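What follows is a set of notes on a single structure, which appears directly below.
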Amino acid sequence: MNIIFLGPPGAGKGTQAKILEDTYGMVQLSTGDMLRAEVAAGSDLGRKAKAVMEAGGLVSDDLVIGIISGRIDQDDCKTGFMLDGFPRTVPQAEALDRMLAQKGYALDHVVELQVDDEALVRRITGRFTCGDCGEGYHDEFKKPAKEGVCDKCGGSNFKRRADDNEETVRSRLAAYHAQTAPIVGHYGRQGLVRTVDGNVAIDRVTGQMTEILG
Ligand code: AP5
Ligand code: MG
């Protein structure tokens with residue numbers, strides 16, 4: 001099964017993708033994670049993306065289309081993938097349609113996670129992750145069982161994203177509403193959009209997802 005997670009910053013795309021990876025055998029393809037890895041590695045691509053990401057804007061379509069095309073060619077995608085944070089503009093959606101047709105893949109669902117803007121700011125500003133295994137946490141909504149220790153790997157090297165501050169979140173939300181929301185119509189016309197109420201607790205969102213995915 002191949003799906004797209006669509007939703008504003010902090011909607012829970014990454015959280016749900018990590019939960020569903022094991023159950024459905026689909027790999028999470030997060031363009032945000034891929035770009036952050038390029039920034040951390042100091043590559044050419046990372047240097048081009050860094051300032052745009054820190055300002056809460058969108059990296060150019062050509063760069064992200066190139067990254068995702070190479071990633072989908074890898075073997076682990078054959079058992080299914082969840083696109084998290086891509087596509088984010090109508091040209092990216094059109095490029096993805098062409099890319100999938102060419103590679104012999106089809107989309108099963110486009111899951112749109114709907115969350116109110118004010119809740120999103122609170123989620124983003126409280127987010128942190130384990131720097132060793134990538135497990136995601138939140139100051140209020142998902143604390144580690146033992147303070148300072150990752151539930152999953154036992155590490156204690158937590159980190160916060162450079163773009164997770166209130167000012168940048170507002171820019172990211174504006175970019176979502178202006179440039180990304182129109183792709184709901186693009187996939188709506190293909191009959192692929194499934195809407196999920198993302199305002200509820202993490203496990204209740206997962207429940208809605210599993211109803212859709214079967
Ligand atoms: P990206 O990394 O994709 O960030 P984003 O879209 O802003 O989304 P987030 O990762 O912030 O949110 P999420 O939905 O994954 O939420 P999460 O599950 O972590 O992109 C970053 C940047 O890279 C972009 O701004 C852009 O510059 C660039 N970029 C990336 N892709 C691009 C593309 N295709 N084109 C151009 N540029 C691109 O949850 C958030 C927090 O809330 C967590 O702490 C979690 O524990 C908590 N939480 C989750 N669900 C719930 C719940 N139901 N209840 C309570 N708390 C919850
Ligand atoms: Mg994410």
Side-chain angles (χ1 to χ4, degrees), residues 4-21 28-39 45-46 48-69 71 82-93 95-96 111-130 134-144 151 158-181 183 196-209:
I4 292 176
F5 281 133
L6 208 56
K13 304 180 295 291
T15 301
Q16 296 299 326
K18 287 219 157 55
I19 294 171
L20 297 171
E21 258 190 325
Q28 175 197 13
L29 305 181
S30 159
T31 41
D33 287 348
M34 293 172 204
L35 289 167
R36 279 184 288 280
E38 297 286 343
V39 171
L45 203 157
K48 284 181 191 148
K50 188 172 188 278
V52 181
M53 292 173 77
E54 285 179 1
L58 292 185
V59 175
S60 81
D61 288 340
D62 289 352
L63 283 186
V64 282
I65 291 165
I67 299 191
I68 207 79
S69 174
R71 183 64 187 85
M82 292 172 280
L83 288 163
D84 160 6
F86 181 91
R88 240 179 168 96
T89 61
V90 171
Q92 288 182 23
L96 178 68
V111 180
E112 186 200 1
L113 276 159
Q114 292 183 339
V115 183
D116 301 335
D117 280 7
E118 285 319 305
L120 296 172
V121 175
R122 203 161 151 206
R123 285 191 192 176
I124 296 269
T125 51
R127 170 169 54 190
F128 61 100
T129 52
C130 173
E135 183 71 358
Y137 293 98
H138 192 279
D139 292 330
E140 286 175 73
F141 307 127
K142 193 186 165 203
K143 296 180 188 175
D151 296 345
F158 291 109
K159 57 181 191 184
R160 291 181 191 256
R161 273 169 47 177
D163 60 345
D164 277 355
N165 54 74
E166 185 158 353
E167 196 192 337
T168 307
V169 173
R170 302 261 175 219
S171 308
R172 284 157 59 195
L173 271 174
Y176 182 80
H177 291 303
Q179 291 167 274
T180 308
I183 70 179
V196 162
D197 178 8
N199 288 296
V200 297
I202 294 173
D203 57 341
R204 289 183 56 203
V205 178
T206 310
Q208 295 176 65
M209 296 273 185

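What you see below is based on every heavy atom in this structure, not just the backbone, and it leaves out hydrogens, waters and symmetry mates. Being a predicted model, the structure only gives us computed values, none of them experimental. All ligand and atom numbering here is 1-based and tracks the order in the structure.
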Problem - Flag side-chain contact, heavy atom, 4.5 Å: R172 against D164 - result: yes

Fill in the blank from the handout: The residue among N199, V205, D197 that forms side chain to side chain contact (heavy atoms under 4.5 Å, CB included) with L113 is V205

Practice task
Hey, could you give me the CD1/OG1 distance between I68 and T31, rounded to the nearest 0.5 Å?
Solution key: 5.5 Å

Practice task
Flag yes if more than 12 heavy atoms outside K142 fall under 6.0 Å of its NZ atom; otherwise flag no.
Solution key: yes

Problem - Qualifying residues under side chain to side chain contact (heavy atoms under 4.5 Å, CB included), relative to F141, sequence neighbours excluded - result: R122, R123, H138

Completion exercise
Near ligand 1 (heavy atom, under 4.0 angstrom), the protein residues are P8, P9, G10, A11, G12, K13, G14, T15, T31, G32, L35, R36, M53, G57, L58, V59, V64, G85, F86, R88, Q92, R123, I124, R127, Y137, H138, F141, R161, D163, R172, G198, V200, A201, I202, V205

Exercise for the section: Using the six-membered ring wherever Trp is involved, compare the ring planes of F128 and Y137 and label them parallel, tilted or perpendicular (cut-offs 30° and 60°). Expected result: parallel

